[in-house]
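The next block holds one structure in the form of structure tokens; read it before the comments.
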Amino acid sequence: MAAMKGLAKALAPRNGEVSQWMVHAGANQRTRPPLDGDETADVCVIGAGLTGLWAAYRILTQRPDAKVVVLEAEHVGYGASGRNDGWLCTTMSANPERLAAFAGPDAVVGFQRLMIESTSRILDILELEGIDADAQRSGHLSVARTQAALGRLKEEREHMVRWGYSPERVRLLDADQTRQRIAVRGAVGGLFDPDTAKVNPALMVLGLAKAVERLGARIFEGSRAIAIRPGRVAVATADHAHARRAATVASRQVLVCTEAYSGGIGGMPARRIVPVNSSIVMTARLDQDQWRRIGWDGAECFSDAAHVFTYAQRTPDGRIAIGGRGKAYRFASGTPGLGAVDRGTITALERRLREYFPALPERLIEHAWCGSIGVTRDWCAFVHYSPATGLGWAGGYAGHGVTSAFVAAHTLADRLCGLDSVYARAPWLGYRPPNWEPEPIRWLGIRGMYKLFAVADRHEETARAAKTSTLARVGSRLAGLG
Ligand SMILES: Cc1cc2nc3c(=O)[nH]c(=O)nc-3n(C[C@H](O)[C@H](O)[C@H](O)COP(=O)(O)OP(=O)(O)OC[C@H]3O[C@@H](n4cnc5c(N)ncnc54)[C@H](O)[C@@H]3O)c2cc1C
């Protein structure tokens, strides 16, 4: 029995520990000291993920003398920024129609173009700062495996072009063209966006933290903001021996960059953003022969156009990192700690992977982890900044946050610095999504929505449906996506 248990353990993938990316970079723990007593600053940034660090970076490149303090509850890259799949998405993290009703259609078209351009700006800054994050302009291939999904991709392309994508660049592919790029079993067509890029997320966020420190910011790890008021942040710190202390940062400007974690902080609205789960499993390295047999020669990011979002990256060191929702939501907006994933989700993602690529051997998963994406009630991200109180807040990127965090951080920073830039005029400034419902309605609603999507996918796949299932349409409306 003990031997069996030992064998099962040996075969089980590593689980949690923030992410494989962070473990591989040797960075899944604190390396910087916590805040040691009260502090003053010109700008206090809360959260050392991409939003907080890009905001600090932009402020310090505009105002090199500013005293910037970054408070991080755990360590740099502990949140979604160190756990994601590394796509620099071109998506705007908002429903364009909704945003247009708030800011006008021209502003939204300009905003979409800014998102696409921003992928290049990020790659340029990584190069400028010497941040080697394995960045690559890979493109994104969304694959339809049913006629219903293909119909949705056609509609999606029209929608993308209407709201700012170039019709020359975003292309529909037939089944052969799709399979030539990635030979997903059952592919009937695809949609290719060449402007998506990809990175190793841990190397990007860790490199950015160092760049920000070179510019003069101080990052305190193990320093959790527990209450935020204009001009003042109350902090609970934990040093390496876990001794807890209380401290205060007095700062005229405070930027809250805690995304999916925001609801748990005193003084912040608890129901504006909820943490929705996303889980990833990463395979062992595949050899050249295995890559050839599964037919994925290029570097494209890949997603399935089914209702339950599944996404994957071919990593520079020859693995597949494939993700999906898993258990979508924890009661009362719970967050996932170090990101351990339940066995059922690991099995389901592995099964998905082998459905796409049946030539893959079994028991290929080496590491699994999960994290939280921040979702607003209408799936539209927002940026708030009040010159009167000096308080800023951004989030709600709904799983498309790697580029959005860069743009939102620039909106925050440019407003704070009084710059009149394209970022400062971005239409999400001042957008106010509705609040989520209280519990238990929220828990029932989110779980119910993902159940409906899963049932709709099963129906479309088994019935080889030509049209999108009514269940999925109901789910989208309930979710606030439609
Ligand atoms: C599994 C997964 C896959 C994803 N894949 C992609 C992808 O491929 N492409 C894409 O565009 N997006 C993806 N995303 C989303 C993207 O990673 C996020 O939108 C983005 O990283 C958010 O960055 P952030 O800095 O706003 O938040 P985070 O990275 O979550 O940073 C917030 C930080 O605040 C800290 N914090 C929380 N509370 C406090 C407090 N009270 N005091 C101090 N600090 C605090 C946290 O520890 C954390 O470090 C994915 C997300 C997940 C979870």
Side-chain angles (χ1 to χ4, degrees), residues 7-16 19-21 85-87 138 140-146 148-150 175-176 178-190 198 277-328 340-370 450 453-465:
L7 182 63
K9 207 171 168 197
L11 292 175
R14 275 181 95 149
N15 200 344
S19 71
Q20 190 270 1
W21 312 108
D85 212 30
W87 299 24
S138 53
H140 163 210
L141 180 66
S142 179
V143 176
R145 300 195 305 139
T146 62
L150 187 58
D176 283 346
T178 303
R179 286 200 219 108
Q180 267 164 25
R181 285 191 173 273
I182 310 180
V184 174
R185 186 168 74 166
V188 295
K198 67 176 185 181
N277 188 67
S278 202
S279 306
I280 292 183
V281 296
M282 194 184 266
T283 67
R285 285 201 178 102
L286 307 187
D287 60 33
Q288 282 309 321
D289 189 45
Q290 286 170 322
W291 284 113
R292 193 185 45 71
R293 270 188 288 136
I294 68 168
W296 187 350
D297 297 330
E300 300 93 341
C301 297
F302 153 64
S303 67
D304 185 338
H307 299 292
V308 177
F309 190 52
T310 308
Y311 51 91
Q313 152 162 195
R314 175 179 172 162
T315 69
D317 67 345
R319 305 164 189 272
I320 299 176
I322 181 168
R325 286 288 165 263
K327 286 207 162 43
V341 182
D342 61 288
R343 191 65 232 170
T345 299
I346 297 175
T347 308
L349 282 171
E350 189 171 11
R351 198 182 306 128
R352 268 274 159 201
L353 183 62
R354 287 174 39 73
E355 264 172 48
Y356 299 140
F357 306 115
L360 280 177
E362 287 186 40
R363 297 214 182 84
L364 201 59
I365 304 304
E366 276 196 352
H367 201 136
W369 68 92
C370 67
Y450 279 106
F453 286 154
V455 173
D457 277 336
R458 260 201 306 280
H459 166 73
E460 288 177 14
E461 280 166 29
T462 50
R464 302 203 160 278

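Values below: every heavy atom of this structure, side chains too, minus hydrogens, waters and symmetry copies.
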- If you round to the nearest 0.5 Å, how far is CZ of Arg352 from CG of Asp304? 5.5 Å
- For the residue pair Arg314 and Gly298, what are the closest heavy atoms and their distance? CD-O, 3.4 Å
- For Leu349, the option from Thr345, Ile346, Leu353 that meets side chain to side chain contact (heavy atoms under 4.5 Å, CB included): Thr345
- Task: Indicate the atoms forming the closest heavy-atom contact of Val308 with Ala454, along with that distance.
- Result: CG2-N, 3.7 Å
- Task: Report yes if the side chains of Asp289 and Arg292 come closer than 4.5 Å at any heavy-atom pair, otherwise no.
- Result: yes
- Task: Indicate yes or no: at least one non-hydrogen side-chain atom of Ser303 is less than 4.5 angstrom from one of Phe309.
- Result: yes
- Task: Examine distances only and state if a side-chain atom of His367 and a backbone atom of Gly16 form a donor-acceptor pair shorter than 3.5 Å.
- Result: yes
- Give the minimum heavy-atom separation between Tyr311 and Ser278, together with the two atoms involved. OH-OG, 2.6 Å
- Query: Are any of the side-chain heavy atoms of Arg354 and Glu362 separated by less than 4.5 Å?
  - Reply: yes
- Carefully, step by step, assess Thr178 and Val184 under the rule side-chain contact (heavy atoms from CB on, under 4.5 Å). CA-CA 8 Å; Thr178 303; Val184 174; over 6 Å; no
- Item | Separation between CG of Leu141 and CD of Gln180, rounded to the nearest 0.5 Å | 11.5 Å
- Message: Suppose we screen for side-chain contact (heavy atoms from CB on, under 4.5 Å). Which residues come up paired with Ala149, at least two apart in sequence or across chains?
- Response: Ala144, Thr146, Arg152, Ala305
- Query: Heavy atoms, side chains only, cut-off 4.5 Å: are Arg181 and Phe302 in contact?
  - Reply: no
- Do the side chains of Trp21 and Trp369 get nearer than 4.5 Å, heavy atoms only? yes
- Quick one: CD on Gln313 to CZ on Arg319, what's the gap to the nearest 0.5 Å? 12.0 Å
- Which atom names give the shortest non-hydrogen contact between Cys301 and Lys198, and what distance separates them? SG-CB, 3.9 Å
- Rounded distance (nearest 0.5 Å) linking atom OG1 of Thr310 with atom OH of Tyr356: 4.0 Å
- Donor-acceptor pair, side chain of Lys327 and main chain of Gly344, under 3.5 angstrom: no
- Item | Partners passing ring pair (Phe, Tyr, Trp, His ring centres under 6.0 Å) against Tyr450 (at least two apart in sequence or in another chain) | none
- Relative to the ring of His140, is the ring of Trp87 parallel (under 30°), tilted (30 to 60°) or perpendicular (over 60°)? tilted
- Task: Starting at CD1 of Ile322, measure out to CD1 of Ile280 and round the result to the nearest 0.5 Å.
- Result: 10.0 Å
- Item | Residue pair Val341 / Val281, side-chain heavy-atom distance below 4.5 Å | no
- Item | Min side-chain heavy-atom separation Leu286-Leu364 under 4.5 Å | yes
- Counting distance only, does the side-chain N/O of Ser279 pair as donor-acceptor with the main-chain N or O of Cys370 below 3.5 Å? no
- Message: With heavy-atom distances below 4.5 Å as the criterion, would you say the side chains of Gln290 and Pro361 are in contact?
- Response: yes
- Item | Approximate separation, where rounding is to 0.5 Å, of Ser19 OG and Met282 CE | 7.5 Å
- Item | Shortest non-hydrogen contact from Pro358 toward Arg185 | CG-CD, 3.7 Å
